Amino acid sequence: MLTAQSKLFYQLNRYVNERVAARKASISKTIREVCKIVTDVLKEVEVQEPRFISSLVETETGRFEGLEVISPTEFEVVLFLNQMGVFNFVDDGSVPGCAVLKLSDGRKRSMSLWVEFITASGYLSARKIRSRFQTLVAQAVDKCKYRDIVKMIPDTTEVKLRIRERYVVLITPAFKCSGIWPRSAAHWPLPHIPWPVPGLIAEVKTEGFNLLSKESPSQAGKQSSAEGDAWVLSFTDAENKLLQGGVRRKCLSILKTLRDKHLESTGQPVKNYHLKTLLLYECEKHPREIDWDEMCLGDRINGILLQLISCLQNRRCPHYFLHGLDLFSNKPHHLLDTAAKQAWRIAREILTNPRSLEKL
(Lines give C-alpha, C1' and ligand atoms only; values in the text may rest on other atoms or scores of the structure.)
Protein backbone atom coordinates (compact mmCIF):
# COMPACT_ATOMS: atom_id res chain seq x y z
CA MET A 1 0.00 0.00 0.00
CA LEU A 2 1.24 3.45 -0.87
CA THR A 3 1.28 5.91 2.01
CA ALA A 4 -0.67 9.18 1.70
CA GLN A 5 2.67 11.03 1.37
CA SER A 6 3.78 8.72 -1.47
CA LYS A 7 0.48 9.17 -3.29
CA LEU A 8 0.75 12.96 -3.03
CA PHE A 9 4.39 12.84 -4.16
CA TYR A 10 3.36 10.81 -7.24
CA GLN A 11 0.48 13.18 -8.08
CA LEU A 12 2.63 16.29 -7.60
CA ASN A 13 5.30 14.97 -9.94
CA ARG A 14 2.65 14.18 -12.50
CA TYR A 15 1.29 17.73 -12.05
CA VAL A 16 4.81 19.11 -12.62
CA ASN A 17 5.36 17.03 -15.76
CA GLU A 18 2.02 18.01 -17.26
CA ARG A 19 0.62 21.32 -15.98
CA VAL A 20 3.76 23.08 -14.75
CA ALA A 21 5.74 22.11 -17.86
CA ALA A 22 2.92 23.33 -20.13
CA ARG A 23 2.77 26.67 -18.26
CA LYS A 24 6.54 27.13 -18.55
CA ALA A 25 6.56 26.31 -22.26
CA SER A 26 3.72 28.74 -22.94
CA ILE A 27 5.34 31.56 -20.93
CA SER A 28 8.70 30.90 -22.56
CA LYS A 29 7.13 31.36 -26.00
CA THR A 30 5.44 34.59 -24.86
CA ILE A 31 8.71 35.92 -23.40
CA ARG A 32 10.46 35.42 -26.75
CA GLU A 33 7.83 37.50 -28.53
CA VAL A 34 7.65 40.16 -25.82
CA CYS A 35 11.44 40.55 -25.59
CA LYS A 36 11.80 40.90 -29.36
CA ILE A 37 9.34 43.82 -29.31
CA VAL A 38 10.69 45.46 -26.14
CA THR A 39 14.29 45.20 -27.46
CA ASP A 40 13.22 47.00 -30.63
CA VAL A 41 11.54 49.79 -28.63
CA LEU A 42 14.55 50.17 -26.30
CA LYS A 43 16.99 50.33 -29.23
CA GLU A 44 15.01 53.32 -30.50
CA VAL A 45 15.11 54.88 -27.01
CA GLU A 46 18.89 54.45 -26.90
CA VAL A 47 19.28 56.23 -30.25
CA GLN A 48 17.41 59.24 -28.83
CA GLU A 49 19.03 59.15 -25.39
CA PRO A 50 22.26 57.14 -24.89
CA ARG A 51 21.94 57.28 -21.08
CA PHE A 52 19.11 54.74 -21.27
CA ILE A 53 20.94 51.64 -22.48
CA SER A 54 18.96 48.40 -22.63
CA SER A 55 20.20 45.76 -20.20
CA LEU A 56 17.78 43.09 -21.45
CA VAL A 57 20.03 40.24 -22.59
CA GLU A 58 19.48 36.60 -23.41
CA THR A 59 21.73 34.19 -21.52
CA GLU A 60 23.24 30.97 -22.87
CA THR A 61 20.44 29.02 -21.19
CA GLY A 62 17.81 30.96 -23.15
CA ARG A 63 16.63 33.00 -20.14
CA PHE A 64 16.42 36.79 -20.34
CA GLU A 65 18.38 38.70 -17.70
CA GLY A 66 16.40 41.64 -16.38
CA LEU A 67 12.94 40.16 -17.04
CA GLU A 68 10.53 39.12 -14.29
CA VAL A 69 7.34 37.16 -14.93
CA ILE A 70 4.55 38.75 -12.87
CA SER A 71 1.88 36.48 -14.41
CA PRO A 72 1.53 34.64 -17.76
CA THR A 73 0.34 37.91 -19.36
CA GLU A 74 2.27 40.46 -17.29
CA PHE A 75 6.03 41.07 -17.27
CA GLU A 76 8.54 43.54 -15.87
CA VAL A 77 11.73 44.51 -17.66
CA VAL A 78 14.30 46.23 -15.44
CA LEU A 79 16.53 48.72 -17.25
CA PHE A 80 19.74 49.21 -15.26
CA LEU A 81 21.17 52.74 -15.38
CA ASN A 82 24.86 53.60 -15.11
CA GLN A 83 26.77 55.82 -12.72
CA MET A 84 25.19 56.14 -9.33
CA GLY A 85 28.61 57.16 -8.00
CA VAL A 86 28.09 60.68 -6.61
CA PHE A 87 25.01 59.74 -4.56
CA ASN A 88 24.63 58.37 -1.06
CA PHE A 89 21.99 55.75 -0.37
CA VAL A 90 19.67 57.05 2.40
CA ASP A 91 17.35 54.52 3.95
CA ASP A 92 15.60 56.13 6.93
CA GLY A 93 12.26 54.31 6.64
CA SER A 94 10.25 57.50 6.03
CA VAL A 95 8.67 55.96 2.92
CA PRO A 96 7.92 52.24 3.53
CA GLY A 97 9.75 49.98 1.09
CA CYS A 98 11.68 52.89 -0.43
CA ALA A 99 14.97 54.80 -0.15
CA VAL A 100 16.40 57.98 -1.62
CA LEU A 101 19.61 58.85 -3.43
CA LYS A 102 21.16 62.09 -2.17
CA LEU A 103 24.15 63.95 -3.58
CA SER A 104 27.14 63.15 -1.39
CA ASP A 105 28.37 66.73 -1.92
CA GLY A 106 26.44 69.61 -3.54
CA ARG A 107 29.55 70.54 -5.54
CA LYS A 108 29.34 67.20 -7.33
CA ARG A 109 25.99 68.03 -8.98
CA SER A 110 27.63 68.81 -12.32
CA MET A 111 29.59 65.53 -12.15
CA SER A 112 26.41 63.47 -12.26
CA LEU A 113 25.30 61.85 -15.48
CA TRP A 114 21.73 62.59 -14.33
CA VAL A 115 22.22 66.27 -13.42
CA GLU A 116 18.82 67.54 -14.67
CA PHE A 117 16.94 65.00 -12.53
CA ILE A 118 18.44 66.20 -9.23
CA THR A 119 16.01 68.16 -7.03
CA ALA A 120 16.88 71.45 -5.31
CA SER A 121 17.44 69.44 -2.10
CA GLY A 122 20.03 67.26 -3.84
CA TYR A 123 17.93 64.12 -4.35
CA LEU A 124 17.99 62.12 -7.56
CA SER A 125 14.28 62.03 -8.41
CA ALA A 126 12.94 58.62 -9.46
CA ARG A 127 9.79 60.35 -10.74
CA LYS A 128 11.67 62.82 -12.95
CA ILE A 129 13.78 60.06 -14.51
CA ARG A 130 10.65 57.97 -15.09
CA SER A 131 8.82 60.90 -16.66
CA ARG A 132 11.67 61.51 -19.13
CA PHE A 133 11.90 57.79 -19.87
CA GLN A 134 8.13 57.63 -20.46
CA THR A 135 8.37 60.40 -23.08
CA LEU A 136 11.23 58.60 -24.85
CA VAL A 137 9.41 55.26 -24.87
CA ALA A 138 6.22 56.89 -26.24
CA GLN A 139 8.26 58.37 -29.11
CA ALA A 140 10.05 55.05 -29.69
CA VAL A 141 6.74 53.14 -29.84
CA ASP A 142 5.53 55.50 -32.59
CA LYS A 143 8.70 54.89 -34.62
CA CYS A 144 9.32 51.17 -34.08
CA LYS A 145 8.33 48.48 -36.58
CA TYR A 146 5.84 46.96 -34.12
CA ARG A 147 3.83 50.17 -33.65
CA ASP A 148 0.61 48.50 -34.91
CA ILE A 149 0.60 45.98 -32.04
CA VAL A 150 2.21 48.03 -29.21
CA LYS A 151 0.47 50.78 -27.25
CA MET A 152 1.57 52.85 -24.25
CA ILE A 153 -0.84 52.43 -21.31
CA PRO A 154 -2.03 55.93 -20.27
CA ASP A 155 -3.05 57.24 -16.82
CA THR A 156 0.00 55.94 -14.97
CA THR A 157 3.38 57.47 -14.13
CA GLU A 158 4.96 54.08 -14.87
CA VAL A 159 6.16 53.02 -18.30
CA LYS A 160 3.76 50.29 -19.38
CA LEU A 161 3.26 48.77 -22.82
CA ARG A 162 0.29 46.73 -23.99
CA ILE A 163 1.26 44.22 -26.69
CA ARG A 164 -1.33 42.64 -29.01
CA GLU A 165 -4.02 43.67 -26.49
CA ARG A 166 -2.94 40.59 -24.51
CA TYR A 167 0.29 41.26 -22.67
CA VAL A 168 1.39 44.06 -20.37
CA VAL A 169 5.07 44.93 -19.95
CA LEU A 170 6.28 47.32 -17.27
CA ILE A 171 9.71 48.81 -18.10
CA THR A 172 11.41 50.10 -14.96
CA PRO A 173 14.59 52.22 -14.79
CA ALA A 174 16.77 50.99 -11.91
CA PHE A 175 20.14 51.12 -10.16
CA LYS A 176 21.98 48.00 -8.98
CA CYS A 177 23.36 48.31 -5.44
CA SER A 178 25.90 45.54 -4.84
CA GLY A 179 27.97 45.03 -1.72
CA ILE A 180 25.75 47.12 0.58
CA TRP A 181 22.70 46.16 2.61
CA PRO A 182 19.79 48.47 3.52
CA ARG A 183 19.25 49.51 7.13
CA SER A 184 15.52 48.73 6.85
CA ALA A 185 16.47 45.07 6.28
CA ALA A 186 19.12 45.02 9.03
CA HIS A 187 17.03 42.62 11.19
CA TRP A 188 17.59 39.90 8.55
CA PRO A 189 18.45 37.17 9.14
CA LEU A 190 16.79 36.51 12.50
CA PRO A 191 19.55 35.47 14.93
CA HIS A 192 17.97 32.31 16.39
CA ILE A 193 17.03 30.62 13.07
CA PRO A 194 19.53 28.17 11.51
CA TRP A 195 18.48 29.01 7.93
CA PRO A 196 20.06 30.40 5.82
CA VAL A 197 23.57 29.22 6.65
CA PRO A 198 26.29 31.92 7.17
CA GLY A 199 27.89 31.36 3.74
CA LEU A 200 24.57 31.91 1.97
CA ILE A 201 23.83 35.00 4.09
CA ALA A 202 27.17 36.50 3.03
CA GLU A 203 26.44 35.75 -0.65
CA VAL A 204 22.98 37.35 -0.43
CA LYS A 205 24.29 40.50 1.25
CA THR A 206 27.06 40.81 -1.35
CA GLU A 207 24.44 40.41 -4.09
CA GLY A 208 22.73 43.45 -2.59
CA PHE A 209 19.49 44.84 -3.98
CA ASN A 210 18.07 47.08 -6.70
CA LEU A 211 16.46 50.51 -6.56
CA LEU A 212 13.52 50.80 -8.95
CA SER A 213 11.82 53.88 -10.33
CA LYS A 214 8.18 52.90 -9.90
CA GLU A 215 5.17 53.88 -7.83
CA SER A 216 5.70 53.32 -4.11
CA PRO A 217 3.81 50.10 -3.16
CA SER A 218 2.42 51.62 0.03
CA GLN A 219 1.11 54.78 -1.60
CA ALA A 220 0.26 53.74 -5.17
CA GLY A 221 -1.65 56.46 -6.95
CA LYS A 222 -1.49 59.07 -4.16
CA GLN A 223 2.12 60.08 -3.92
CA SER A 224 3.54 63.10 -2.19
CA SER A 225 6.59 64.67 -3.86
CA ALA A 226 8.93 62.92 -1.38
CA GLU A 227 7.50 59.57 -2.38
CA GLY A 228 7.75 60.45 -6.05
CA ASP A 229 11.46 61.17 -5.64
CA ALA A 230 12.06 57.95 -3.68
CA TRP A 231 13.21 54.65 -5.20
CA VAL A 232 11.52 51.31 -4.47
CA LEU A 233 13.74 48.64 -2.88
CA SER A 234 13.80 45.30 -4.73
CA PHE A 235 15.50 42.09 -3.58
CA THR A 236 14.79 39.86 -6.60
CA ASP A 237 18.36 38.57 -7.00
CA ALA A 238 18.76 37.96 -3.26
CA GLU A 239 15.45 36.07 -3.12
CA ASN A 240 16.39 33.90 -6.10
CA LYS A 241 19.73 33.04 -4.48
CA LEU A 242 17.95 31.95 -1.28
CA LEU A 243 15.59 29.67 -3.21
CA GLN A 244 18.32 27.51 -4.72
CA GLY A 245 18.62 23.90 -3.59
CA GLY A 246 16.18 21.12 -2.76
CA VAL A 247 12.66 21.39 -4.15
CA ARG A 248 12.32 25.12 -3.45
CA ARG A 249 12.09 26.22 -7.12
CA LYS A 250 9.85 23.24 -7.96
CA CYS A 251 7.60 24.17 -5.05
CA LEU A 252 7.29 27.75 -6.34
CA SER A 253 6.51 26.55 -9.89
CA ILE A 254 3.65 24.38 -8.60
CA LEU A 255 2.24 27.23 -6.50
CA LYS A 256 2.40 29.64 -9.46
CA THR A 257 0.57 27.13 -11.68
CA LEU A 258 -2.16 26.67 -9.03
CA ARG A 259 -2.40 30.47 -8.65
CA ASP A 260 -2.83 31.05 -12.39
CA LYS A 261 -5.76 28.67 -12.57
CA HIS A 262 -7.53 29.26 -9.25
CA LEU A 263 -6.42 32.57 -7.71
CA GLU A 264 -6.22 34.82 -10.76
CA SER A 265 -8.95 37.45 -10.43
CA THR A 266 -9.69 41.12 -10.96
CA GLY A 267 -7.49 43.28 -8.76
CA GLN A 268 -5.04 40.38 -8.38
CA PRO A 269 -5.12 39.97 -4.58
CA VAL A 270 -2.61 37.07 -4.81
CA LYS A 271 0.43 37.51 -7.04
CA ASN A 272 3.40 35.25 -7.67
CA TYR A 273 5.43 37.54 -5.42
CA HIS A 274 3.21 36.77 -2.42
CA LEU A 275 3.83 33.03 -2.97
CA LYS A 276 7.58 33.59 -3.31
CA THR A 277 7.54 35.57 -0.03
CA LEU A 278 5.64 32.83 1.82
CA LEU A 279 8.03 30.22 0.43
CA LEU A 280 10.93 32.15 2.03
CA TYR A 281 9.10 32.13 5.38
CA GLU A 282 8.51 28.38 4.94
CA CYS A 283 12.30 27.96 4.49
CA GLU A 284 12.79 29.58 7.90
CA LYS A 285 10.14 27.33 9.48
CA HIS A 286 11.84 24.25 7.99
CA PRO A 287 15.56 25.09 8.07
CA ARG A 288 16.96 21.57 7.50
CA GLU A 289 17.81 20.60 3.94
CA ILE A 290 16.18 17.20 4.54
CA ASP A 291 12.85 19.09 4.82
CA TRP A 292 13.28 20.15 1.19
CA ASP A 293 13.84 16.79 -0.45
CA GLU A 294 11.40 15.34 -2.99
CA MET A 295 9.29 13.37 -0.49
CA CYS A 296 8.55 16.53 1.53
CA LEU A 297 7.22 18.51 -1.45
CA GLY A 298 3.56 17.89 -0.55
CA ASP A 299 4.10 19.02 3.06
CA ARG A 300 5.78 22.24 1.92
CA ILE A 301 3.00 23.02 -0.59
CA ASN A 302 0.35 22.48 2.08
CA GLY A 303 2.30 24.56 4.60
CA ILE A 304 2.56 27.51 2.22
CA LEU A 305 -1.12 27.32 1.22
CA LEU A 306 -2.11 27.38 4.92
CA GLN A 307 0.22 30.35 5.48
CA LEU A 308 -1.43 32.10 2.52
CA ILE A 309 -4.92 31.51 3.93
CA SER A 310 -3.82 32.92 7.31
CA CYS A 311 -2.32 36.04 5.68
CA LEU A 312 -5.43 36.61 3.55
CA GLN A 313 -7.73 36.22 6.56
CA ASN A 314 -5.59 38.57 8.65
CA ARG A 315 -5.29 40.89 5.63
CA ARG A 316 -1.57 41.23 6.11
CA CYS A 317 1.45 39.73 4.34
CA PRO A 318 4.78 41.16 5.56
CA HIS A 319 7.58 41.54 3.01
CA TYR A 320 10.32 38.99 3.68
CA PHE A 321 13.18 41.50 4.04
CA LEU A 322 11.21 44.62 5.00
CA HIS A 323 8.85 43.56 7.77
CA GLY A 324 7.30 47.02 8.03
CA LEU A 325 6.01 46.71 4.46
CA ASP A 326 2.65 44.96 4.08
CA LEU A 327 2.25 43.36 0.63
CA PHE A 328 -1.55 43.38 1.07
CA SER A 329 -1.84 47.12 1.81
CA ASN A 330 -4.23 48.81 -0.63
CA LYS A 331 -5.86 45.46 -1.49
CA PRO A 332 -9.67 45.65 -1.01
CA HIS A 333 -10.75 43.40 1.87
CA HIS A 334 -13.51 41.66 -0.08
CA LEU A 335 -10.94 40.51 -2.68
CA LEU A 336 -8.69 39.12 0.07
CA ASP A 337 -11.66 37.31 1.65
CA THR A 338 -12.65 35.75 -1.68
CA ALA A 339 -9.05 34.66 -2.32
CA ALA A 340 -8.87 33.11 1.19
CA LYS A 341 -11.94 30.96 0.43
CA GLN A 342 -10.47 29.91 -2.90
CA ALA A 343 -7.04 29.09 -1.36
CA TRP A 344 -8.78 27.07 1.37
CA ARG A 345 -10.65 25.08 -1.28
CA ILE A 346 -7.34 24.18 -3.01
CA ALA A 347 -5.63 23.26 0.30
CA ARG A 348 -8.58 21.11 1.43
CA GLU A 349 -8.71 19.28 -1.91
CA ILE A 350 -4.97 18.46 -1.79
CA LEU A 351 -5.02 17.49 1.90
CA THR A 352 -8.04 15.18 1.61
CA ASN A 353 -7.49 13.71 -1.85
CA PRO A 354 -4.10 13.73 -3.63
CA ARG A 355 -5.85 12.71 -6.88
CA SER A 356 -7.63 16.09 -6.86
CA LEU A 357 -4.48 17.47 -8.54
CA GLU A 358 -5.65 15.74 -11.71
CA LYS A 359 -8.56 18.18 -11.79
CA LEU A 360 -7.05 21.22 -10.06
Side-chain angles (χ1 to χ4, degrees), residues 55 57 59 61 63-70 76-81 84 87-93 96-101 172 174-212 214 217 230-253 255-256 271-293 296 300 303-304 307 311 317-327:
S55 46
V57 288
T59 64
T61 58
R63 288 177 68 88
F64 282 86
E65 289 275 322
L67 179 127
E68 269 297 291
V69 178
I70 311 294
E76 180 171 15
V77 170
V78 176
L79 185 93
F80 288 109
L81 308 174
M84 203 181 86
F87 296 96
N88 285 335
F89 168 76
V90 182
D91 171 31
D92 59 5
C98 297
V100 293
L101 292 171
T172 306
F175 285 108
K176 201 176 249 312
C177 304
S178 301
I180 59 171
W181 194 248
R183 195 167 63 179
S184 49
H187 64 274
W188 182 86
L190 296 172
H192 55 281
I193 291 177
W195 184 89
V197 293
L200 185 53
I201 293 165
E203 276 183 52
V204 165
K205 290 196 170 181
T206 304
E207 190 77 50
F209 55 96
N210 298 328
L211 292 175
L212 309 181
K214 62 201 289 189
W231 296 75
V232 173
L233 289 154
S234 165
F235 296 86
T236 302
D237 297 333
E239 289 155 358
N240 291 343
K241 201 168 263 303
L242 285 172
L243 293 179
Q244 290 169 359
V247 290
R248 291 176 178 88
R249 305 290 318 176
K250 196 178 198 178
C251 191
L252 187 56
S253 294
L255 290 164
K256 285 177 179 177
K271 294 193 171 186
N272 287 340
Y273 192 70
H274 296 117
L275 299 172
K276 190 184 194 185
T277 299
L278 295 176
L279 176 52
L280 288 163
Y281 282 121
E282 186 77 2
C283 290
E284 285 189 351
K285 284 183 182 171
H286 300 276
R288 301 177 311 160
E289 281 308 303
I290 197 171
D291 294 327
W292 292 91
D293 74 11
C296 297
R300 299 293 77 81
I304 293 163
Q307 268 195 83
C311 286
C317 178
H319 189 284
Y320 180 65
F321 289 111
L322 310 169
H323 285 181
L325 183 64
D326 174 18
L327 299 177

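Just so it is clear, the model here is predicted, and its values are computed rather than measured.
- Using a 4.5 Å heavy-atom threshold, the side chains of E239 and T277 count as separate.
- Residues F209 and F89 bring their aromatic ring centres within 6.0 Å.
- Closest of all the heavy-atom pairs between V232 and K214 is CG2-O, 3.5 Å.
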Query - Residue pair H319, Y273: steps toward the side chain to side chain contact (heavy atoms under 4.5 Å, CB included) verdict - result: CA-CA 10 Å; H319 189 284; Y273 192 70; 3.1 Å; yes

Side-chain atoms of residues 177-188: list all donor-acceptor pairs with protein atoms under 3.5 Å, sequence neighbours left out, distances to 0.1 Å.
| from | atom 1 | to | atom 2 | distance (Å) |
| --- | --- | --- | --- | --- |
| W181 | NE1 | A185 | O | 3.2 |
| R183 | NE | D91 | O | 3.4 |
| R183 | NH2 | D91 | O | 3.3 |
| S184 | OG | D91 | OD1 | 3.1 |
| S184 | OG | D91 | OD2 | 3.2 |
| H187 | NE2 | F321 | O | 3.4 |
| W188 | NE1 | Y320 | OH | 3.0 |

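- The environment of R63 atom CZ is sparse: at most 12 non-hydrogen atoms of other residues, nucleotides or ligands sit within 6.0 angstrom.
- How far CG of L279 is from CG of L243: 5.0 Å, rounded to the nearest 0.5 Å.
- Applying the side-chain hydrogen bond (donor to acceptor under 3.5 Å, both in side chains) criterion to K285, with sequence neighbours excluded, gives no partner residue.
- Residues passing the side-chain hydrogen bond (donor to acceptor under 3.5 Å, both in side chains) test with E207: none are found, sequence neighbours excluded.
- You'll find the side chain of F235 stays beyond 4.5 Å of the side chain of K241, heavy atoms only.
- You'll find the side chain of C283 stays beyond 4.5 Å of the side chain of L242, heavy atoms only.
- Pairing each heavy atom of W195 with each of P287, the nearest pair is CB-CB, 3.5 Å.
- No side-chain donor-acceptor contact under 3.5 Å links N210 to the backbone of K176.
- Separation of atoms CG (D293) and CD (E289) is listed at 9.5 Å; rounding is to 0.5 Å.
- The two atoms that bring L325 and G97 nearest to each other are CD2-CA, 3.9 Å, heavy atoms only.
- For D291, the side-chain hydrogen bond (donor to acceptor under 3.5 Å, both in side chains) partners at least two apart in sequence or on another chain are R288.
- For K205, there are no side-chain hydrogen bond (donor to acceptor under 3.5 Å, both in side chains) partners, not counting sequence neighbours.
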Requested in this report: For the pair L211 and L233, evaluate side chain to side chain contact (heavy atoms under 4.5 Å, CB included) and give the outcome as yes or no after the intermediate values.
Outcome: CA-CA 5 Å; L211 292 175; L233 289 154; 3.7 Å; yes

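- Smallest separation of non-hydrogen atoms from A238 and V204: CB-CG1, 3.6 Å.
- The nearest pair of heavy atoms linking D326 to C317 is OD1-N, 2.8 Å.
- With a 6.0 Å radius and a threshold of 12 heavy atoms from other residues, nucleotides or ligands, E65 has its CD atom at or below the threshold.
- One distance of note links CG of L190 with NE2 of H323; it measures 6.0 Å at 0.5 Å rounding.
- E76 contributes atom CD, which lies 3.5 Å from atom OG1 of T172 (distance to the nearest 0.5 angstrom).
- Within 6.0 Å of atom CD1 in I290, 12 or fewer heavy atoms from other residues, nucleotides or ligands are found, so the atom counts as exposed in its surroundings.
- At least one side-chain heavy atom of L252 sits under 4.5 Å from a side-chain heavy atom of K276.
- H274 contributes atom NE2, which lies 5.0 Å from atom CG of L327 (distance to the nearest 0.5 angstrom).
- Summarising the geometry, atom CD1 belonging to I304 is positioned 8.0 Å from atom CG belonging to L275; distances are rounded to the nearest 0.5 Å.
- When every heavy atom of V78 is checked against every heavy atom of S55, the shortest pair comes out as O-OG, 3.4 Å.
- With sequence neighbours left out, F87 forms a ring-ring contact (aromatic ring centres under 6.0 Å, His included) with no residue at all.
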